[in-house]
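A short write-up of the structure that comes next.
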There are 2 protein chains.
Amino acid sequence: MPHKMTMQEIARLAGVSLATVSRAIHSPGLLRAPTRQRVLQVMAEHRYVYNAAAGDLSRQRSTVIGLTVPTTQNPIFATSTLAIEERAQEKGFSIILGNTRYNPDTERQLLQGFLERRVAGIILTGYAFQQEDIVREIVASGIPCLVIWEQLADDALDYVGFDNREAARAMTDYLIALGHRRIGLIIGPYSRIGRVQKRFDGYRQALQGHGLALDPDLVIENAPVLEDGREAMGRLMSLPEPPTAVFAASDLLAIGALRATKEMGLRVPQDVSLAGFDDIDFAAYCDPPLTTMRVPSHDIGQLAATVLMETIETGQPQRRRYSLNTDLIMRASCAAPRA
Amino acid sequence: MPHKMTMQEIARLAGVSLATVSRAIHSPGLLRAPTRQRVLQVMAEHRYVYNAAAGDLSRQRSTVIGLTVPTTQNPIFATSTLAIEERAQEKGFSIILGNTRYNPDTERQLLQGFLERRVAGIILTGYAFQQEDIVREIVASGIPCLVIWEQLADDALDYVGFDNREAARAMTDYLIALGHRRIGLIIGPYSRIGRVQKRFDGYRQALQGHGLALDPDLVIENAPVLEDGREAMGRLMSLPEPPTAVFAASDLLAIGALRATKEMGLRVPQDVSLAGFDDIDFAAYCDPPLTTMRVPSHDIGQLAATVLMETIETGQPQRRRYSLNTDLIMRASCAAPRA
DNA sequence: TTATGGAATGAAAGCGATTACATCATGCGG
DNA sequence: CCGCATGATGTAATCGCTTTCATTCCATAA
């Protein structure tokens, strides 16, 4: 471990004051060329590494952004996360990442950590009702904060999202238009998660709009992972009167469901139609390729990061709320029901 | 924005000294109950939030760990990342995540950032030859550093990995044992990435060990993404004399390749066997389920985090190097070649 | 030659904590 | 009733940098 270098030390070695060293780094234009060069030279010779932590404290600002995400295990969140990180990196911000694993306590702990670390801004992937209080505290603290992946009614919070309800309704409408009347729904924990609840609403509204009754047996709520999709599909198709189409409100669930059909000897879409939601990369590589609702997850991340950093830099707490579009991607997993 | 609270301010309001407030937070046992309670009460009333940045500077330590990863877009890295983050969180460490996107400049920039931020430790997912110098600087700086996903010859660096060469050789051996003689290889950028190079070596050694010649036409190097796997497989199977089995050295490539077979009307494994590497969750959900080499990515992450934090806490720079086992997971995508 | 004003540099007060050390009560044994 | 060990609290230096303000330097114009 080399003797630790500080600006003070560099200053001494270069025969200048501490302030001059700081200037050599941040505003070299203020220094006469020879002075600057001497300082830089000494820094290089002694492998001086700037201490950003000290700098941030002194400057009373920070260049890290806190990001919570349910789990980067789900490729769809991995995509927005990557976009955020990419954009942040370009602007010299770092990302502290926290996976909530859908656990409110974990999330609360992460947010508390962000507050204590005095992050410059926060992006929440999804809004969980359970910690309204902390979120309010964040807003109150003045730290710019953005929720992504959903639209919020709450006026105090900004977001970059899309209309989950409308998207789910559109997909359900599509299945109905194909002629389906019994449409199953495999969906994440909608009682706890805003965006999932919206999707459920969309499904319900679509049925209702076409005078179809909502059969509770056709709705399965579980965790958004492959295995649960498979299991749910198994149950759905074992029903005395199975659905002719199934809408899985997340591609992970859909891909799991697809596997179940294979295991049961069912053909998609001949025996049952299957639709997903998200359009993760794998969706196009399934067999058959999955019809799904494309969510602009890369754009969400990119826009969110851009907007957040702008807010940070201008210091303007103005409302920023963006809704992006989703696209129904028709591939081969849906068709009209058999006659 | 509430008037910002500092320990000093709390001290004043509680009628005690700054030091007492600090103690109320970190070593409450040192205070008399009434004193402690008064302080805690004042903190609660004024919503005081501890400033970890200042604390870290003063204490000359930090509780953040820097983590670089090629891209969390690849589920296999997402898994180890998640495990690391989970473990770190338990111990009160935060993770600064950086995606290198396989770009040496990006990686260098990230590492420089870690150094400047005085992170407590660093985990590198993979070792790229291109920035040996920075890595040396890290080691020299005394910051505990760990490479994951590979084994290193370099004595200066610790790792938690597995034997990429042996794993690739085992898979190739398996295909040979099934009776294949023309075995294609679809593999990531092995000229630049250590672990990928090892896999290539394993493939080559297996062929060699069985007296089979390495046909360069059968080896395709590309980026480890679905689309490139698809494209590569298309090329391989269009060869005048196509392989009877293909080893894709990453599941992403394998799943892409699987799609290509569907599009070409080829059946797996009847017309061609296909093997992957990693065992991402999706591998078991493919059609047919993918035979692949399971890499203990969750364990790697968990162990790496544990080891790193231990090193941080003890301050012992002792060598820590762990190799975990891989498992050949036989599913339905490989079979003997047709007679 | 002497003001004069801008450019270059230095001095020093923070930023918000931690912590070694000093101080001041207490309660106990003698 | 005194001395002293112990426990509770306060004092103040420090961490490494930023930044305001003051100072010095020098070239230019009068």
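So that the names make sense, note that chain A is the first sequence line, chain B the second, and so on, each numbered from 1.
Relative to the side chain of A/Ala19, the nucleotides D/dC17, C/dG16, C/dG10 differ in distance, and C/dG10 lies closest. The side chain of A/Arg32 sits closest to C/dT9 out of C/dT9, D/dC15, C/dA20. The nucleotide whose nearest atom lies closest to any side-chain atom of B/Tyr50 is, among C/dG16, C/dT9, C/dA17, C/dA17. Of the candidates D/dC17, C/dG10, D/dG10, C/dG10 carries the atom nearest the A/Ser17 side chain, counting heavy atoms from C-beta on. Comparing C/dT19, D/dT18, C/dA11 against the side chain of A/Leu18 picks out D/dT18 as the nearest. Set against D/dT19, D/dC17, C/dT18, the side chain of A/Asn51 has D/dC17 as its closest nucleotide. Nearest nucleotide to the side chain of A/Thr6, out of C/dT9, D/dC17, C/dA17: D/dC17. Closest to the side chain of A/Gln60, out of D/dG16, C/dG16, D/dT9, is C/dG16.
Taking atom CD of B/Gln8 as the reference point, atom P of C/dA17 lies 9 Å away to the nearest angstrom. When rounded to the nearest whole Å, the span between CD1 of A/Ile10 and P of D/dT18 equals 13 Å. If you measure from atom CZ of B/Arg59 to atom C1' of C/dC15, you get 17 Å, rounded to the nearest angstrom. Atom CE in B/Met7 sits roughly 17 Å away from atom P in D/dT11 (whole-Å rounding). The distance between atom CZ of A/Arg61 and atom P of D/dT19, rounded to the nearest whole Å, is 8 Å. B/Arg23 has its CZ atom 8 Å from the C1' atom of D/dA8, to the nearest Å. In this structure, A/Leu30 atom CG and C/dG6 atom C1' are separated by 12 Å, rounded to whole Å. Here C/dT18 presents its C1' atom at 10 Å from CG of B/Leu57, a figure rounded to the nearest Å.
Taking OG from B/Ser22 and CD1 from B/Ile10, the interatomic distance works out to 13.0 Å, rounded to the nearest 0.5 Å.
When each of B/Arg36 and B/Ser58 is assigned the nucleotide of DNA chain D with its nearest heavy atom, B/Arg36 is the one assigned upstream, toward the 5' end.
Phosphate proximity of D/dT18 to A/Ser22: present, with a side-chain N or O under 4.0 Å from OP1 or OP2. In this structure, A/Tyr48 reaches the D/dC17 phosphate: one of its side-chain N or O atoms is under 4.0 Å from OP1 or OP2. Between C/dT9 and A/Thr20, no contact under 4.0 Å exists linking OP1 or OP2 to a side-chain N or O.
With respect to B/Glu85 and A/Arg101, a salt bridge is recorded, a charged nitrogen being found less than 4.0 Å from a carboxylate O.
Between A/Tyr159 and A/Trp149, the gap from one ring centroid to the other reaches at least 6.0 Å.
Taking 4.5 Å as the limit, every side-chain heavy atom of B/Gln41 sits out of range of all side-chain heavy atoms of B/His46.
Backbone-only engagement by A/Val16 is indicated by non-hydrogen atom pairs under 4.0 Å involving sugar-phosphate atoms exclusively.
A/Thr311 contributes a side-chain N or O that, together with a main-chain N or O of A/Val307, makes up a donor-acceptor pair within less than 3.5 Å.
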